[in-house]
Amino acid sequence: MQVPARFEYERAQSVSHALALLDRHGPESRVIAGGHSLLPMMKLRLARPEVLIDINDLAELSFLGVEGDELVVGALVRHAQLLADPTVGRFFPIFHDAERVIADPVVRNRGTVGGSLCQADPSEDLSAAFAAVRATAVIQGPDGEREVPIREFHRGPYETAVEPGELLTRLRVPLRPGAGSAYEKVERRVGDWPVAAAGAQLRLDGGVIAEAGIGLTAVGAEHFAAPGAEEYLTGRAPGEEAFAEAGRIAAEDCNPQADQRGPVAYKRHLAGELVRRVLTRAAGRAAGRAGDRQAGE
Amino acid sequence: MQITVTVNGQPYTRDVEPRLLLVHFLRDHLALTGTHWGCDTSNCGACVVHLDATPVKSCTVLAVMCDGHEVTTVEGLERDGELDAVQKGFAECHGLQCGFCTPGMMLTARWLLDNDPDPDEGRIRETISGQLCRCTGYENIVRAVRWAAGHEAGRAAAGEGAREGTRT
């Protein structure tokens, strides 16, 4: 029977209460939301917090919607909520693509967006999706809020910019009128971590790529991104050849490790092929949304 | 610490350790052994119960997190001595062999039908994709859920009142 080691349990009533609890209990306390990463780690003694601070009651962190020219995703938004939201699907199909292949429907009822990002697993899908759309993480601490670009949020495996005593409260994603996005993953079986996965967002302007965002996960891409491939694409006409070359660059720049999910060469091949595919799909969706833009979106 | 959890409509107050998992709270503290304890790693779905009307894997939820919340287990599916349509479907369509995955499968199926009264086979398979039947009896599980959907549609048409709305 797998049971976590003993710990104290506190239930936060508000964000400020959660911060006060973090302050009171110090670095051996951990925030818990969905718990689908933390509890398995606690059962295996890979994590052994002395105090768990439950933030599931903080409705203020469950906000999901458009505010001004941004999509705001509260840290406590469940995977299922992100997947079910039509506004998210309209502006950022990349998130719906990704959520369909994250864990399974029952786990998605419980797991949260903020928890996934803070877990900072090197194979996490949402980390690549948020990197592709260049989100901003909003972190709250005792001295107020600060913002961190998502590509500076992950400092390494299981390590983020969230300091002890701080809480990730939401993600802000700039709306890019007329942009298209997509995500694709290769997994061994339903609900598994990816062998490799890629996400992309493209904004086209005057027949050329004005902005490209590419996210990669499970293949050792620094900050879950592919800046070399993005740079190559910017200013070019979209097309099969350009997308294949971007895939080649992204595959070359990443640093996959061999494990039970496959050897390095296979993962590198997947990285390139998946980048090519998501760029193609993102471009198609961007073309499909060109009418939106003319309609004054 | 002391918690009060409403299980199948009845409040239970118990003193528990914070590290107690919901599945063990149900089985060992409340003697509701219909919820099965399987893989312990949120993979198999044998332990699925409803938490506030939404299916969750109870091996990966702490009992203390359910303080003040509502849980429904397989024991809470029947009403007034009558089996739920999903339970009847599993009986009619041979939806179980060894029965180990069955409570979790039925609770997820109940939730699916509450949200989509007429799911096609693909939707059913996707919804139960986080639950394993080691007998590999998926064909009949899908048939059982389809049977339940048809049964409820028939009852609704006959004016007996659909199950929807009684569980929100």
Side-chain angles (χ1 to χ4, degrees), chain A residues 1-13 29-57 78-81 83-84 99-112 115 187-193, chain B residues 1-3 16-25 27-28 37-69 104-105 107-109 111-112 115-116 119 122-132 138:
Chain A
M1 179 157 103
Q2 293 185 18
V3 174
R6 285 198 173 81
F7 57 86
E8 276 180 60
Y9 172 83
E10 299 263 20
R11 196 184 277 193
Q13 309 297 332
S29 61
R30 288 287 294 272
V31 166
I32 188 163
H36 277 55
S37 298
L38 184 54
L39 287 177
M41 289 181 80
M42 288 170 65
K43 289 176 177 182
L44 297 171
R45 304 299 188 271
L46 295 172
R48 205 164 172 172
E50 289 171 6
V51 181
L52 283 187
I53 298 166
D54 183 350
I55 61 165
N56 279 291
D57 287 350
R78 312 276 168 189
H79 292 293
Q81 191 186 347
L83 178 55
E99 284 294 359
R100 274 188 204 101
V101 291
I102 291 175
D104 62 65
V106 177
V107 170
R108 292 199 292 263
N109 282 337
R110 194 76 187 148
T112 65
E187 56 189 352
R188 295 177 304 178
R189 57 180 165 78
V190 167
D192 195 14
W193 294 96
Chain B
M1 62 183 282
Q2 194 177 76
I3 60 169
V16 300
E17 267 195 282
R19 64 174 171 168
L20 181 71
L21 299 163
L22 176 58
V23 62
H24 301 306
F25 176 70
R27 291 177 57 86
D28 304 340
W37 166 46
C39 72
D40 238 341
T41 56
S42 73
N43 279 289
C44 79
C47 66
V48 167
V49 300
H50 290 191
L51 174 58
D52 298 332
T54 304
V56 298
K57 296 183 175 178
S58 62
C59 73
T60 311
V61 175
L62 298 169
V64 288
M65 293 170 115
C66 304
D67 185 23
H69 291 268
M105 288 286 186
L107 283 157
T108 299
W111 172 67
L112 171 63
N115 290 286
D116 180 355
R123 181 91 200 272
I124 295 168
R125 285 184 182 273
E126 204 259 328
T127 306
I128 61 168
S129 61
Q131 287 163 259
L132 302 177
Y138 297 102

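In what follows, chains carry the letters A, B, and so on, assigned in the order in which the sequence lines appear, proteins first and then strands, with residues in each chain numbered from 1. All values reported here derive from a predicted model rather than from experimental measurement.
The NE2 atom of B:His69 lies 5.0 Å from the CG atom of A:Asp57; values are rounded to the nearest 0.5 Å. Atom CZ of A:Arg110 sits about 11.0 Å away from atom OG of B:Ser58, to the nearest 0.5 Å. One distance of note links CD of B:Glu17 with OH of A:Tyr9; it measures 15.0 Å at 0.5 Å rounding.
Against chain B, the residues from residues 35-48 of chain A that qualify, each with a non-hydrogen atom under 4.5 angstrom away, are A:Gly35, A:His36, A:Leu39, A:Pro40, A:Lys43 in number order. Of residues 42-49 of chain B, those residues lying under 4.5 Å from chain A by any heavy-atom pair are B:Ser42, B:Asn43, B:Val48.
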- Do B:Lys57 and A:Asp104 pass the side chain to side chain contact (heavy atoms under 4.5 Å, CB included) test, and can you show the C-alpha distance, the side-chain angles, and the key distance before you say yes or no? CA-CA 11 Å; B:Lys57 296 183 175 178; A:Asp104 62 65; 2.8 Å; yes
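Ranked by heavy-atom pairs under 4.5 Å with chain A, the list B:Thr60, B:Leu62, B:Leu21 is led by B:Thr60. In terms of non-hydrogen atom pairs under 4.5 Å with chain A, the most contact-rich of B:Asp67, B:Thr108, B:Thr54, B:Leu51 is B:Asp67.
A:Ala5 touches chain B through its backbone: at least one of N, CA, C or O sits under 4.5 Å from a heavy atom, while the side chain does not. For B:Ile128, no part sits under 4.5 Å from any heavy atom of chain A, backbone or side chain. With a 4.5 Å cut-off on non-hydrogen atoms, A:Val106 touches chain B through its backbone and its side chain both. The part of B:Met1 that comes within reach of chain A is its side chain, from C-beta onward, which places non-hydrogen atoms under 4.5 angstrom from that chain. Only the side chain of B:Gln131 comes within contact range of chain A, judged by heavy atoms closer than 4.5 Å.
Heavy atoms of other residues, nucleotides or ligands lying less than 6.0 angstrom from CZ of A:Arg11 number more than 12.
In this structure a side-chain-to-backbone donor-acceptor pair under 3.5 Å is present from B:Asp40 to A:Gln2.
Counting only heavy atoms from C-beta outward, the side chains of A:Glu8 and B:Pro18 never approach each other to under 4.5 Å.
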